[in-house]
Asks: 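I am attaching a structure below and will ask some questions about it afterwards.
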Amino acid sequence: MNRKYIFQYFACLTSISSCSYLYHINNLKKKNINKYTYNDLKKYNNKDIGILVSYKDQVYNISDFIENHPGGQDKIMLAAGKAIDPYWNKFKQHTNDKSIYETILKPMKVGILTDYDVNKYKDAIDPYINDPIRDTDLKFHSYTPCNAESPSNYIMDNWLTPNELWYIRNHNPVPKINEKNYCLSIEGIGIKNNKCIKLDEFKKTCKKHNIISTIQCGGNRRGEYNKIEKTSGTSWKGGAISNADWGGILLKDFLIKYGIDINDKNINHVEFEGIDGVKASIPIEKALNQFGDVLLAYEMNGEILPRDHGYPIRIIVPGHVGIRNIKWLKTIRVREDEAEGAWQRGLSYKRLPPFIKNAKDADLTKIAAIQELPIQSLIIIGNDNILEKNDDNKYIIKGIAYSGGGRGIVRVELSLDNGKTWKLAELGEGYDQKINKAWAWTFWNYTLNDKEIKNKKLKLICRANDSSYNVQPKDIEDIWNIRGLSNNSWYKLEIKIK
Ligand SMILES: Nc1nc2c(c(=O)[nH]1)N[C@H]1C(S)=C(S)[C@@H](COP(=O)(O)O)O[C@H]1N2
Ligand SMILES: [Mo]
């Protein structure tokens with residue numbers, strides 16, 4: 001021991017902080033231990049690179065532990081690449097039982113935190129801590145906020161997507177709502193007595209209806225744009241789309257009940273604001289359309305609306321882009337103009353021309369916010385895109401088609417030769433919806449014949465037509481936009497035949 005250590009050793013006897021300093025120095029010498037800063041940790045937040053967390057001034061590699069976390073994998077992933085202190089502050093079971101640290105965390109130690117700040121997380125509690133536990137089969141892009149795709153190997157098992165496999169797109173932590181304190185406000189032009197309606201009373205105001213509606217995120221398939229040129233936002237593959245049977249009250253019944261005058265020319269939009277502050281509006285023509293089926297939903301596939309999907313009430317705007325389907329509804333506002341804010345007037349849901357690379361070069365006031373989505377289709381093969389024989393010894397290619405505005409699917413075509421020739425796919429579940437009220441997706445399939453399966457690899461392309469004979473654009477470059485919205489170009493997928 002040199003003089004410096006001897007000094008530290010004595011300092012250690014009187015002060016714990018210098019004691020830990022000595023401990024590090026010794027460790028550094030012994031194991032050549034890794035040093036990290038809070039910033040370094042950030043990149044170790046996924047299974048590919050490895051998952052590191054810090055606790056106090058130490059760093060741990062929890063990659064092999066996450067699946068065994070008693071509180072669920074998605075909970076522990078909240079802390080991936082970060083300090084676990086804000087979680088352990090709240091969930092005292094980790095510290096009440098000292099053996100948890102000694103036997104579980106300590107053996108995973110890989111380094112120290114050089115910029116450890118005792119006060120940084122002293123009283124902090126992560127705002128995402130109350131997010132619900134989620135199914136680990138979802139394809140997570142992020143945990144805070146949660147962005148997860150419906151898994152491709154299950155998405156076509158049921159025409160109605162099971163609630164736990166529904167895609168999740170949250171901008172913020174999931175609000176924790178106590179039904180006793182919850183009420184829904186309705187205000188704006190023509191609303192007689194502004195009031196806040198309790199959930200119980202709300203459910204009794206109007207007749208209950210069930211509407212089957214698909215929701216697709218405006219950013220679905222953004223990942224393909226990013227291969228052309230980077231866009232901003234989550235790099236979704238094709239799984240930001242799901243279908244459910246929603247139970248609730250028709251918005252039009254509700255608005256009329258609360259006094260709106262349907263002939264009032266000043267009314268142009270209805271705005272919805274969520275408890276998390278996210279808000280958006282839809283045109284009054286859709287809101288009041290007696291065939292529009294806009295629903296204040298409190299049930300999803302026969303269950304109470306799950307927290308991730310908007311408990312206790314969300315608005316379902318069939319045929320319109322995901323963002324208009326506001327969750328955790330707090331206020332309904334009848335307005336002369338569109339909602340304010342990024343999700344309506346900002347760049348977030350405006351599809352700019354492909355040649356604009358900087359939003360500053362566009363006059364956003366002249367570009368419409370996306371409401372109805374364009375015609376879309378996808379090929380769904382499942383994990384690793386390996387096609388296996390079904391029980392009848394057949395190779396069947398399956399997929400989904402969906403269009404905005406309730407436009408039904410009239411045709412899906414499939415090409416096996418890069419678009420030179422096309423085959424007609426057979427339409428499955430959903431094909432029998434009313435042609436102008438087809439709020440839900442349509443499944444399709446195509447059975448490969450012997451000639452078509454000579455190759456062990458196939459390059460597939462699909463494209464659909466909706467009831468207005470809108471078609472999907474061939475080239476993704478023609479619709480590329482800086483925000484990466486509404487990619488509905490021909491869907492291309494390379495598959496292997498097993
Ligand atoms: N209040 C609120 N509503 C919201 C969102 C949100 O973050 N907050 N996300 C929107 C977006 S962008 C989409 S695509 C859908 C996703 O709904 P889901 O999570 O039920 O699939 O909800 C929309 N409604
Ligand atoms: Mo979205």
Side-chain angles (χ1 to χ4, degrees), residues 127-128 131-132 134-135 138-151 155 160-177 182 184 213-222 231-236 238-246 248 271-282 295-301 303-332 339 341-344 346-351 369-371 373 376 402 404 441 483-487:
Y128 290 90
D131 268 25
R134 297 166 175 128
D135 199 297
L138 288 166
K139 300 287 174 213
F140 290 92
H141 287 275
S142 65
Y143 291 85
T144 55
C146 181
N147 283 301
E149 300 193 21
S150 201
I155 197 170
L160 295 175
T161 316
N163 292 354
E164 55 283 3
L165 297 179
W166 244 78
Y167 86 95
I168 300 169
R169 199 300 180 228
N170 295 341
H171 286 80
N172 299 293
V174 176
K176 201 167 183 201
I177 292 157
Y182 173 82
L184 173 65
S213 178
T214 290
I215 302 180
Q216 181 181 218
C217 179
N220 199 25
R221 297 181 59 196
R222 181 180 285 129
T231 66
S232 70
T234 301
S235 214
W236 298 103
I241 182 168
S242 301
N243 187 39
D245 180 347
W246 308 94
E271 174 187 325
F272 310 101
E273 185 174 343
I275 289 169
D276 62 341
V278 173
K279 55 188 183 179
S281 60
I282 59 169
L295 192 75
L296 291 156
Y298 52 86
E299 279 176 14
M300 181 177 184
N301 292 327
E303 290 170 17
I304 292 175
L305 199 59
R307 288 186 59 218
D308 262 324
H309 301 290
Y311 174 82
I313 302 174
R314 88 179 291 175
I315 190 82
I316 295 295
V317 189
H320 284 229
V321 63
I323 185 65
R324 311 292 161 229
N325 297 256
I326 292 293
K327 307 192 272 191
W328 314 295
L329 200 58
K330 182 172 83 174
T331 309
I332 300 175
W343 302 281
Q344 196 76 31
L347 181 64
S348 300
Y349 290 94
K350 295 196 172 187
R351 188 163 118 176
I370 298 173
Q371 293 281 358
L373 282 170
Q376 175 73 289
Y402 167 78
W441 58 19
R483 244 344 230 120
L485 294 166
S486 61
N487 178 11

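Atoms within a ligand are numbered from 1 in the order they appear, just like the ligands themselves.
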Asks: Only one of T144, D308, V278, D276 passes side chain to side chain contact (heavy atoms under 4.5 Å, CB included) with N170; say which it is.
Replies: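 Among T144, D308, V278, D276, the one that satisfies the side chain to side chain contact (heavy atoms under 4.5 Å, CB included) with N170 is D308.
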
Asks: Would a distance-only check, ignoring hydrogens and angles, find a side-chain to backbone donor-acceptor pair under 3.5 Å from D245 to L160?
Replies: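 Between the backbone of L160 and the side chain of D245 there is no qualifying donor-acceptor contact (under 3.5 Å).
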
Asks: Would N172 count as a polar contact of ligand 1, with the cut-off being nitrogen or oxygen pairs under 3.5 Å?
Replies: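 No, N172 has no N/O under 3.5 Å of an N/O on ligand 1.
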
Asks: Against heavy atoms of I168, which atoms of ligand 1 measure under 4.0 Å?
Replies: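 So the answer, numbered in order with elements, is 19 (O).
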
Asks: Does only the side chain of W328 get under 4.0 Å from ligand 1, or the backbone, or both, or neither? Count heavy atoms.
Replies: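 Side chain only.
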
Asks: At less than 4.0 angstrom from any non-hydrogen atom of H309, what atoms of ligand 1 do you find?
Replies: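 Answer, ordered by atom number: 18 (P), 19 (O), 20 (O), 21 (O).
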
Asks: I need the nearest protein heavy-atom contact for atom 24 (N) of ligand 1: residue, atom name and distance, please.
Replies: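 Residue, atom and distance for the closest contact: N325 O, 3.0 Å.
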
Asks: Check this for me - ligand 1, N170, N or O atoms closer than 3.5 angstrom, yes or no?
Replies: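 Between N170 and ligand 1, no N or O pair is found under 3.5 Å apart.
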
Asks: Checking the N or O distance criterion of under 3.5 Å, is ligand 1 in contact with Q216?
Replies: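 No; the residue has no nitrogen or oxygen that sits under 3.5 Å from a nitrogen or oxygen of the ligand.
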
Asks: Is it possible for you to check whether R324 lies under 6.0 Å from the centre of the six-membered ring of Y349, through NZ or CZ, and within 45° of that ring's axis?
Replies: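 Ring-cation test returns yes.
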
Asks: Does ligand 1 come near enough to Y167 that some N or O of the ligand is less than 3.5 Å from an N or O of the residue?
Replies: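 Yes, since at least one N or O of Y167 sits under 3.5 Å from an N or O of ligand 1.
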
Asks: Does the side chain of I215 come within less than 4.5 Å of I316's, by heavy atoms?
Replies: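 SC-SC contact between I316 and I215 confirmed.
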
Asks: Which heavy atom in N147 sits nearest to a heavy atom in R169, and how many Å separate them?
Replies: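 Here N147 and R169 meet closest at OD1-NH1, 3.3 Å.
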
Asks: Could you check atom 1 (N) of ligand 1 against the protein and tell me its nearest heavy-atom contact, residue, atom and distance included?
Replies: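 Checking every protein heavy atom, the shortest distance to atom 1 (N) of ligand 1 gives D276 OD1, 2.8 Å.
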
Asks: For a 4.5 angstrom cut-off between non-hydrogen side-chain atoms, does S486 reach I370?
Replies: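 Yes, at least one pair of side-chain atoms sits under 4.5 Å.
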
Asks: Donor-acceptor pair, N301 side chain versus T161 backbone, under 3.5 Å?
Replies: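 Yes, because the side chain of N301 sits within donor-acceptor range (under 3.5 Å) of the backbone of T161.
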
Asks: Just so I know, are the side chains of I155 and W441 near enough to count as touching, which here means a heavy-atom distance under 4.5 Å?
Replies: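 The answer is yes; the side chains approach within 4.5 Å.
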
Asks: Tell me the protein heavy atom at minimum distance from atom 3 (N) of ligand 1, and give that distance in Å.
Replies: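 Atom 3 (N) of ligand 1 sits closest to the protein heavy atom K327 N, 2.9 Å.
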
Asks: Hey, does R314 sit under 4.0 Å from ligand 1 if you only count heavy atoms?
Replies: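 R314 counts as a contact of ligand 1 under the 4.0 Å cut-off.
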
Asks: So if I count the atoms of ligand 1 from 1 in the order they appear, which ones are less than 4.0 Å from some heavy atom of I326?
Replies: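 What qualifies from ligand 1 is 1 (N), 3 (N), 24 (N).
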
Asks: Does Y349 come within less than 4.0 angstrom of ligand 1, counting non-hydrogen atoms of the residue?
Replies: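 Under 4.0 Å: yes for Y349.
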
Asks: Just which atoms of ligand 1 are under 4.0 Å from any heavy atom in H171?
Replies: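 By the 4.0 Å cutoff, the relevant atoms are 5 (C), 6 (C), 7 (O), 9 (N), 12 (S).
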
Asks: By number and element, which atoms of ligand 1 are closer than 4.0 Å to a non-hydrogen atom of W166?
Replies: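 Taking each heavy atom of W166 in turn, ligand 1 has 21 (O) under 4.0 Å.
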
Asks: Do N325 and R314 have side chains that get closer than 4.5 Å, going by heavy atoms?
Replies: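 When only atoms from C-beta onward are counted, R314 and N325 do touch, with a gap below 4.5 Å.
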
Asks: Walk me through it: do K279 and Q344 pass the test side chain to side chain contact (heavy atoms under 4.5 Å, CB included)?
Replies: CA-CA 8 Å; K279 55 188 183 179; Q344 196 76 31; over 6 Å; no

Asks: Considering heavy atoms of the protein only, find what lies nearest to atom 9 (N) of ligand 1 and give residue, atom and distance to 0.1 Å.
Replies: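 Nearest neighbour among protein heavy atoms for atom 9 (N) of ligand 1, to 0.1 Å: R169 O, 3.2 Å.
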
Asks: Among I241, I323, L329, which residue places a heavy atom closest to atom 11 (C) of ligand 1?
Replies: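 Ranked by closest heavy atom to atom 11 (C) of ligand 1, first place is I323.
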
Asks: Tell me the protein heavy atom at minimum distance from atom 23 (C) of ligand 1, and give that distance in Å.
Replies: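 Protein heavy atom with the smallest distance to atom 23 (C) of ligand 1: G322 O, 3.4 Å.
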
Asks: Short list, please: which atoms of ligand 1 are under 4.0 Å from a heavy atom of C217?
Replies: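 Ligand 1 atoms under the 4.0 Å threshold to C217: 14 (S).
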
Asks: Quick check: do L305 and W246 have side-chain heavy atoms less than 4.5 Å from each other?
Replies: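 In contact.
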
Asks: Using heavy atoms and a threshold below 4.0 Å, how should the contact between I215 and ligand 1 be classified: side chain, backbone, both, or neither?
Replies: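 Neither part.
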
Asks: So which of Y298, W166, W328, Y167 actually passes ring-ring contact (aromatic ring centres under 6.0 Å, His included) with H309?
Replies: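 Result: among Y298, W166, W328, Y167, W166 is the only option passing the ring-ring contact (aromatic ring centres under 6.0 Å, His included) with H309.
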
